[in-house]
Colleague: 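Let me begin by handing over the structure; questions about it come next.
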2 protein chains.
Amino acid sequence: MPETGFNGADNLFIRRWGEMAVSWGISRTMAEIHALLYLNTCPLCTDDVMDRLAVSRGSASVNLRELVNWGLIVRVHRRGDRKEYFEAEHDVWQMFETIMRERRRREIQPIVETIQRCLTMIDQERRGLRGKARAEADIHQKRFADILEFCGLMTTMFDLVNSAGRVGLKPLGKMLARLAK
Amino acid sequence: MPETGFNGADNLFIRRWGEMAVSWGISRTMAEIHALLYLNTCPLCTDDVMDRLAVSRGSASVNLRELVNWGLIVRVHRRGDRKEYFEAEHDVWQMFETIMRERRRREIQPIVETIQRCLTMIDQERRGLRGKARAEADIHQKRFADILEFCGLMTTMFDLVNSAGRVGLKPLGKMLARLAK
DNA sequence: TAGAATCTTCAGAAGATACTGAAAGGATCA
DNA sequence: TGATCCTTTCAGTATCTTCTGAAGATTCTA
């Protein structure tokens, strides 16, 4: 393993990052590898990850690939070295944008599509109803519409944050502070 | 079970809401119960939930309590009825604020505290270092500081969204649309 | 206070998820 | 071409999570 200047702070951070990941639906090992690469100044290879986090080759391989799929780390080749190295995105803002884009695609999009289908379904079902049943269906329709509107707004908000983020953290911070007043 | 006007759309939504929950670190049953109560116009009791979602009494009890702890549903008592009923928050905006507040407390706060500790630790460790090791420590320090700044900004943003949310979805939507240009 | 209705708890079971380690696959070198 | 180095795959295993169902606690009624 190359000199990586690991210390107590790094260990603490890596452990906590992994613990937190579980409550966000991400596997502990994957998050630990991500934290390890985020802190590291130079790319690491599979063996480095195995040694450092005490995981098997299989686990390291699978989790590294998954991180590459998410776009949070990239493969790095070195001349005269057959090993593959991995390097993390170090720009926190870019990291956030990547995570948001992926989660939107994988988790928000499916629910949005489902709600749209629900709205279509309920609209058809509603036609045959009268009186109380009709009123109930109207309320359900509104519930669906509310969530859908909310999802749309969230999407807008994250787009805004991402575009503002490109300018840098500082300007956005100032802008938000001004708005919050 | 009281008349609840369930239909295909509701079933579809409840199922999908439960599926998505898993990728957000929430148990499927808990999310399904939440979806069930969110859609329902009248409060439901434990037996209603058991019948509707085909879960055991124990599971219904535990998950309902957890939802109450999160503040997403409330207990409702009815005169002359010993059963306890449960009703969900129906305002999507309020729901979002509740979820964000809870997740911040349970998941963001711990990582923020850890990073602050990391910064203190690395600052102490750094004193004894010179040359390359010192430079490396400086970079690590910056990495920690970046995440911390990012967390602070996210917090500000959600506060803003929440306060703007109280005005209603529409005004915020317009405001964001204007900013996004 | 006995008895009925309801809720909570929890040990054991079931199910889901993630990891391991070895074998197979692929690339490069001599 | 064979040897070497490295990566990927996957069946079996370990671990973690969640559920079940019944026993026990609690609350209310008569």
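Note: hydrogens, waters and symmetry copies are ignored here, and every other heavy atom, side chains too, is used. Quick note on labels: first sequence line is chain A, next is B, and so on, each numbered from 1.
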Colleague: Starting at CD of Gln141(B), measure out to CE of Met121(B) and round the result to the nearest 0.5 Å.
Modeller: 13.0 Å
Colleague: Can you check whether Ser61(A) has a side-chain N or O nearer than 4.0 Å to OP1 or OP2 of dT8(D)?
Modeller: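 Answer is yes, contact under 4.0 Å.
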Colleague: Any base atoms under 4.0 Å from Ser27(B), or only sugar-phosphate, or nothing? Heavy atoms, all strands.
Modeller: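 Since only primed, P, OP1 and OP2 atoms lie under 4.0 Å of Ser27(B), the category is sugar-phosphate.
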Colleague: Please report, rounded to the nearest Å, how far the C1' atom of dT7(D) is from the CG atom of Asp81(A).
Modeller: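 It works out to 14 Å between those atoms.
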Colleague: When you match Ala54(A) and Arg65(B) each to their closest nucleotide on DNA chain C, which lands nearer the 5' end?
Modeller: Arg65(B)
Colleague: Expressed as a whole number of angstroms, how long is the span from Glu66(B):CD to dT9(C):C1'?
Modeller: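 Taking atom C1' of dT9(C) as the reference, CD of Glu66(B) is at 15 Å.
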Colleague: Round to a whole Å and report the spacing from NZ of Lys83(B) to C1' of dT8(C).
Modeller: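 That distance rounds to 17 Å.
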Colleague: Tell me, with the steps shown, if Lys142(A) and Asp146(A) meet salt bridge (Lys or Arg N to Asp or Glu O under 4.0 Å).
Modeller: CA-CA 6 Å; Lys142(A) 174 142 181 17; Asp146(A) 282 349; 3.0 Å; yes
Colleague: Would you call the rings of Trp93(A) and Phe150(B) parallel, tilted or perpendicular, taking 30° and 60° as the class edges?
Modeller: perpendicular
Colleague: Starting from C1' on dT27(D), measure out to NE2 on His77(B) and report it in whole angstrom.
Modeller: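 One finds 11 Å between C1' of dT27(D) and NE2 of His77(B), rounded.
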Colleague: Given atom CG of Leu64(B) and atom P of dT18(D), what is their separation to the nearest angstrom?
Modeller: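 After rounding, the reported distance stands at 16 Å.
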Colleague: Atom CE of Met30(B) and atom P of dT17(D): how far apart are they, to the nearest Å?
Modeller: 15 Å
Colleague: Does the base of dT4(D) carry an N or O that pairs as donor and acceptor with the side chain of Arg82(A) under 3.5 Å?
Modeller: yes
Colleague: What is the separation between atom CE on Met50(B) and atom P on dT8(C), rounded to the nearest whole Å?
Modeller: 13 Å
Colleague: Looking at dG15(C), I'd like to know if its phosphate oxygens (OP1 or OP2) sit under 4.0 Å from a side-chain N or O belonging to Arg28(B).
Modeller: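 Indeed not, no polar side-chain atom of Arg28(B) lies that close.
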Colleague: When you measure from the side chain of Glu84(B), which nucleotide among dT7(D), dT20(D), dT8(C) comes out closest?
Modeller: dT8(C)
Colleague: Taking only side-chain nitrogens and oxygens of Ser56(A), does any of them come within less than 4.0 Å of OP1 or OP2 of dG21(C)?
Modeller: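 Answer is no, no contact under 4.0 Å.
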Colleague: If you count the non-hydrogen atoms of other residues, nucleotides and ligands that lie under 6.0 Å from CZ in Arg104(A), is the total more than 12?
Modeller: yes
Colleague: With nearest nucleotide decided by heavy atoms, which residue, Arg57(A) or Asn63(B), maps closer to the 5′ end of DNA chain D?
Modeller: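 Here Arg57(A) is the residue nearer the 5' end.
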Colleague: On the 0 to 90° scale, with breaks at 30° and 60°, tag the Phe13(B)-Tyr38(B) ring pair as parallel, tilted or perpendicular.
Modeller: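 Tilted: the ring planes of Phe13(B) and Tyr38(B) meet at 30° to 60°.
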Colleague: Can you work out whether Tyr85(A) or Ala60(B) has the more 5'-proximal nearest nucleotide on DNA chain D?
Modeller: Tyr85(A)
Colleague: What's the closest nucleotide to the Val62(B) side chain, out of dT17(D), dT9(D), dT9(C)?
Modeller: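 The listed nucleotide nearest to Val62(B)'s side chain is dT9(C).
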Colleague: Between P on dC6(D) and CZ on Arg75(A), what's the gap in Å once rounded to a whole number?
Modeller: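 Rounded to whole Å, this separation is 15 Å.
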